[in-house]
Novice: 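Submitted below is the structure of interest, expressed as structure tokens.
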There are 2 protein chains.
Amino acid sequence: MRRLMKHSTDPRIAMIEAAIRNAGGRVTASRVRLLDLLQSAREPLCQTDIENLIESEPLPAMDRVTIYRVLDWLTEAGLAHKAADGRGVFRFTAAKPEGQHEQHAHLRCTGCGGTFCLDMAPPPRPVLPRGFRFGGMALDIRGECPRCVGAHA
Amino acid sequence: MRRLMKHSTDPRIAMIEAAIRNAGGRVTASRVRLLDLLQSAREPLCQTDIENLIESEPLPAMDRVTIYRVLDWLTEAGLAHKAADGRGVFRFTAAKPEGQHEQHAHLRCTGCGGTFCLDMAPPPRPVLPRGFRFGGMALDIRGECPRCVGAHA
DNA sequence: TTGCTTATGCAATATGGTTGCATTAAGCGA
DNA sequence: TCGCTTAATGCAACCATATTGCATAAGCAA
Ligand SMILES: [Mn+2]
Ligand SMILES: [Mn+2]
Ligand SMILES: [Zn+2]
Ligand SMILES: [Zn+2]
């Protein structure tokens with residue numbers, strides 16, 4: 001005779017639950033957990049990052065496929081963004097509350113593979129040839145992080 | 001008793017051979033053929049594009065792995081550029097003769113998956129946080145091409 | 001022309017991502 | 001609160017893209 005918790009008492013989680021419900025989906029443990037994870041991440045995460053984080057948590061495991069499906073659902077629902085990184089791997093970030101048009105730039109270190117968020121003004125929206133429709137953009141910067149620059153000094 | 005042709009009579013090919021030799025590599029049929037192919041392509045090509053093009057040519061086939069290896073060698077040698085597209089697949093372009101810093105933008109159609117080169121001024125080189133080293137960048141624009149915009153009118 | 005070394009072919013493997021289908025559980029109406 | 005319906009999950013199989021190991025072939029310098 002388990003009581004199911006319909007709304008979390010933690011306001012962060014309550015917000016997440018509301019966002020999911022608002023997007024027209026069922027509020028499941030997996031969705032809440034992954035969106036929470038993305039929101040507290042300091043950099044875009046890929047499937048394996050997430051799998052590892054999930055495994056390290058003292059909570060029930062999640063199937064690999066479920067992670068993919070939840071991430072894709074969050075993306076479809078507009079709660080997350082999905083973009084291929086320089087290595088051709090998809091990375092996910094939590095969508096910002098609307099406003100920051102998710103156009104902020106990332107630097108990908110060619111040494112260690114790390115991704116770093118850059119606080120730079122997004123480039124202006126490009127003028128496309130006639131007939132094209134704009135759908136968003138991402139500035140992908142390659143380079144080396146301080147640690148890797150130092151490594152081969 | 002076959003005589004090997006050391007230098008092509010075709011000036012385009014001769015240039016390619018010179019570039020390869022100049023990069024410190026052996027001039028092989030595969031390298032010449034693929035660099036030629038990239039140089040005459042109008043858009044970034046991925047492995048499968050290239051495989052198909054190669055197959056359609058009335059020349060000896062090339063192994064899939066060799067294509068990968070040649071493409072990577074060309075990239076290392078600075079004769080080609082390699083970048084993941086929006087779908088997480090690597091696409092290759094011939095390097096420009098030096099000068100155009102290969103920062104020109106691409107639009108990737110979310111409808112048909114096509115890639116379109118845009119003739120727009122590249123965004124200014126970003127100012128990175130202290131310690132980082134700049135290594136190049138690519139502006140990746142998502143949207144829809146005229147045909148796909150029309151398709152769901 | 002020979003010999004050393006690099007490039008290639010082929011088979012096996014790795015990685016990242018998807019699909020089909022049976023089972024579970026969220027949410028809703030009774 | 002209970003059961004029903006439908007969406008979400010787990011599991012196994014699969015697929016696409018890319019890489020590795022090793023034996024063989026070919027470039028090219030001497
Ligand atoms: Mn970021
Ligand atoms: Mn892949
Ligand atoms: Zn680094
Ligand atoms: Zn299109």
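Residue numbers begin at 1 in each chain, while the letters A, B, ... track the order of the sequences. What you see is a predicted model, and the numbers here were worked out from it, not measured in a lab.
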Novice: Quick one: A:Glu17 CD to C:dA26 P, roughly how many Å, whole number?
Specialist: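 After rounding, the reported distance stands at 12 Å.
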Novice: Of the options D:dT19, D:dT9, D:dT17, whose atoms approach the side-chain atoms of A:Thr28 most closely?
Specialist: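 Taking heavy atoms from C-beta onward, the closest nucleotide is D:dT9.
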Novice: Output the rounded distance in Å from CZ (A:Arg21) to C1' (D:dA7).
Specialist: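 Computing the A:Arg21:CZ to D:dA7:C1' distance gives 15 Å.
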Novice: Pick from A:Ile20, A:Thr28, A:Leu35: which one makes a side chain to side chain contact (heavy atoms under 4.5 Å, CB included) with A:Trp73?
Specialist: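 When A:Ile20, A:Thr28, A:Leu35 are each tested with A:Trp73, the side chain to side chain contact (heavy atoms under 4.5 Å, CB included) holds only for A:Ile20.
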Novice: Please state how far atom CZ in B:Phe92 lies from atom P in D:dT17, giving the value in whole angstrom units.
Specialist: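 Result: 13 Å.
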Novice: Base, sugar-phosphate, or nothing for A:Arg31, non-hydrogen atoms under 4.0 angstrom?
Specialist: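 Touches sugar-phosphate only.
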Novice: Quick one: B:Arg91 CZ to D:dA16 P, roughly how many Å, whole number?
Specialist: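 Spelled out: CZ on B:Arg91 to P on D:dA16 is 16 Å.
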Novice: CD1 of B:Ile20 versus C1' of D:dC28: gap in Å, rounded?
Specialist: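 Rounding to the nearest Å, CD1 of B:Ile20 and C1' of D:dC28 are 15 Å apart.
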Novice: Is any N or O donor-acceptor pair between the side chain of B:Arg69 and the base of C:dG9 shorter than 3.5 Å?
Specialist: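 Pair found.
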Novice: By nearest atom, which of the nucleotides C:dT18, C:dG9, C:dG27 is closest to the A:Val27 side chain?
Specialist: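 Selected nucleotide (nearest to the side chain): C:dG27.
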Novice: Taking A:Tyr68 as the starting point, is it possible to reach A:Ile50 by hopping between hydrophobic residues whose side chains are less than 4.5 Å apart?
Specialist: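 No.
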Novice: Answer yes or no: side-chain N or O of A:Arg64 and base N or O of D:dG10 forming a donor-acceptor pair under 3.5 Å.
Specialist: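 Donor-acceptor pair under 3.5 Å: no.
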Novice: If you check every side-chain atom of A:Phe90, which of D:dT19, D:dT9, C:dG17 has the closest atom?
Specialist: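 The listed nucleotide nearest to A:Phe90's side chain is C:dG17.
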Novice: More 5' along DNA chain D: B:Gln47 or A:Trp73, using each one's nearest nucleotide?
Specialist: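 Looking at DNA chain D, the more 5' nearest nucleotide goes with A:Trp73.
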Novice: Between atom CG in B:Leu34 and atom C1' in C:dA7, what is the gap in whole Å?
Specialist: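 Distance, rounded to whole Å: 13 Å.
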Novice: Given side chains that start at C-beta, do those of B:Arg31 and B:Leu79 come closer than 4.5 Å, heavy atoms only?
Specialist: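 No. Closest side-chain heavy atoms not under 4.5 Å.
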Novice: C:dG9, D:dT17, D:dT19: which one has an atom nearest the side-chain heavy atoms of B:Thr48?
Specialist: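 That would be D:dT17.
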Novice: Figure out the CE/C1' separation between B:Met62 and D:dA26, and round it to whole Å.
Specialist: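 So the CE-C1' distance, B:Met62 to D:dA26, works out to 14 Å.
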Novice: Over how many whole Å does the gap from B:Leu71 atom CG to D:dA18 atom C1' extend?
Specialist: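 Taking CG of B:Leu71 and C1' of D:dA18, I get 12 Å after rounding.
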Novice: Between B:Arg26 and B:Asp72, which is nearer to the 5' end of DNA chain D once each is assigned its nearest nucleotide?
Specialist: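 It is B:Asp72, whose closest nucleotide lies nearer the 5' terminus.
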Novice: Measuring only between side-chain heavy atoms, which start at C-beta, is A:Cys46 closer than 4.5 Å to A:Arg87?
Specialist: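 No; the side chains remain at least 4.5 Å from each other.
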Novice: Strictly below 4.0 Å: does A:Tyr68 bring a side-chain N or O up to OP1 or OP2 of C:dG17?
Specialist: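 Yes, A:Tyr68 has a side-chain N/O under 4.0 Å of OP1/OP2 on C:dG17.
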Novice: Does any part of the side chain of A:Leu34, heavy atoms only, come nearer than 4.5 Å to the side chain of A:Ser30, both counted from C-beta?
Specialist: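 A side-chain contact under 4.5 Å is absent here.
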